[in-house]
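The figures that follow rest on heavy atoms only: side chains count, while hydrogens, waters and symmetry mates do not. Throughout, a chain's letter reflects where its sequence line sits, starting with A, and its residues are numbered from 1. As the structure is a computational prediction, the values presented were derived from the model and not from experiment.
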2 protein chains.
Amino acid sequence: MDVNMAKLDELDLKILQELVADSSQSIPKLSKKIDVNTSVVYSRIKRLVRRGIIKRFTVEVDESQLGYTVSAYVGVNTDSKKRDSVRTGIMGIPEVRELAEVTGRFDFLVFLRAKGLEELHNVISQKIGMIDGVEHTETFISMRQESKGPEI
Amino acid sequence: MDVNMAKLDELDLKILQELVADSSQSIPKLSKKIDVNTSVVYSRIKRLVRRGIIKRFTVEVDESQLGYTVSAYVGVNTDSKKRDSVRTGIMGIPEVRELAEVTGRFDFLVFLRAKGLEELHNVISQKIGMIDGVEHTETFISMRQESKGPEI
DNA sequence: ATTGAAACAACTTGCAG
DNA sequence: CTGCAAGTTGTTTCAAT
């Protein structure tokens, strides 16, 4: 939120950028690279974590190597009285990765992954389609995907 | 891809799960937690990185605290002869975070973030809309968003 | 907030079994 | 894969600025 928006200086942004690119590099190495005192980098990172600007340290996993070879977006329309329970139901489906409540033609846009087209079809028609309150779905199978990190 | 799909055992998956949740925990601590010899955890992680199953160590940034308070999906239709240049053009827009080439009503689904509704409008109408080959766009402003990690 | 260094703690590698 | 030793490296603390 705007009111909670921390003032970040150039150094904070530089550190964020470096950690997004590679959070496994050690802080002494990082501080040498950006030519800033190690103690400062330590305390800046702690502050970024404390403020929640860094939400977590994690790894990016190649899900296709875990067998999830198909991904799709699904637009979902619901009975507006049942929006909340539909959201909960959708988030309970293991294949679902992201759900956005949106303006426009759909009520939700859902991103999900499946281990093949058959499983994708099954998830959409049997899992999403069967949730009470779901009135209509429209599927966009992703043939190719590119992503970028946050703009820092 | 299926042919390159590595065989991952329970231990590999457990390690991945732990690192997705928190990649800043040290390997000795992680190995104690899951009760596996430290040397084994070291070599498994190296193998996961070598195989590309772990794509990178990174941090998750709260972009709303960087001022990106508005996010949206945009469906894009293009002149099919100009698809490739449109893709390149869209990926060149700083606010764009993800682009998927999809089947169905749209040719692309684009996810982006902006620092306010005015900037969102500007990005869509002035940046995306002005790309040669873009014929139509449809905007879905995200009012609320939930995401989950990979299913491991 | 930053610096620099000391004291402390922890990680990483290599190897024999 | 195990367990450990040796070597290396990271982390905290603090007095001074």
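- Cluster annotation: B/Phe111 is not connected to A/Met143 through the hydrophobic network of ILVMFWY side chains, with a link wherever side-chain heavy atoms come within less than 4.5 Å.
- Between the OH atom of B/Tyr42 and the P atom of C/dT12 there is a distance of 3 Å, rounded to whole Å.
- The distance between atom CD of B/Gln25 and atom C1' of D/dT11, rounded to the nearest whole Å, is 18 Å.
- Cluster annotation: B/Val102 is not connected to B/Met91 through the hydrophobic network of ILVMFWY side chains, with a link wherever side-chain heavy atoms come within less than 4.5 Å.
- Among the nucleotides C/dT2, D/dC1, D/dT11, the one closest to any side-chain atom of A/Arg44 is C/dT2.
- As a whole-Å value, the separation of A/Lys29 NZ from D/dT8 C1' is 10 Å.
- Closest to the side chain of A/Ile27, out of C/dC11, D/dT11, D/dC1, is D/dT11.
- The residue A/Ser39 sits close to a base: some heavy atom pair falls under 4.0 Å.
- Picking from C/dT12, D/dC1, D/dT11 the nucleotide with the shortest atom distance to the side chain of B/Val40 gives D/dC1.
- Relative to the side chain of B/Ser43, the nucleotides D/dG10, C/dT3, D/dC1 differ in distance, and D/dC1 lies closest.
- In this structure, the side chains of A/Val74 and A/Ile90 stay at 4.5 Å or more apart for every pair of heavy atoms.
- Comparing C/dT12, D/dT12, D/dT2 by their nearest atom to the side chain of B/Asn37 picks out D/dT2.
- B/Glu10 places its CD atom 15 Å from the P atom of D/dC1, with the value rounded to the nearest Å.
- Rounded to whole angstrom, the span from the NZ atom of B/Lys32 across to the P atom of D/dT2 amounts to 15 Å.
- At a threshold of 4.0 Å, the pair B/Arg44-B/Asp9 counts as salt-bridged, since one of the basic side-chain nitrogens sits closer than that to a carboxylate oxygen.
- Comparing D/dC1, C/dT13, C/dT12 by their closest approach to the side chain of B/Lys46 singles out C/dT13.
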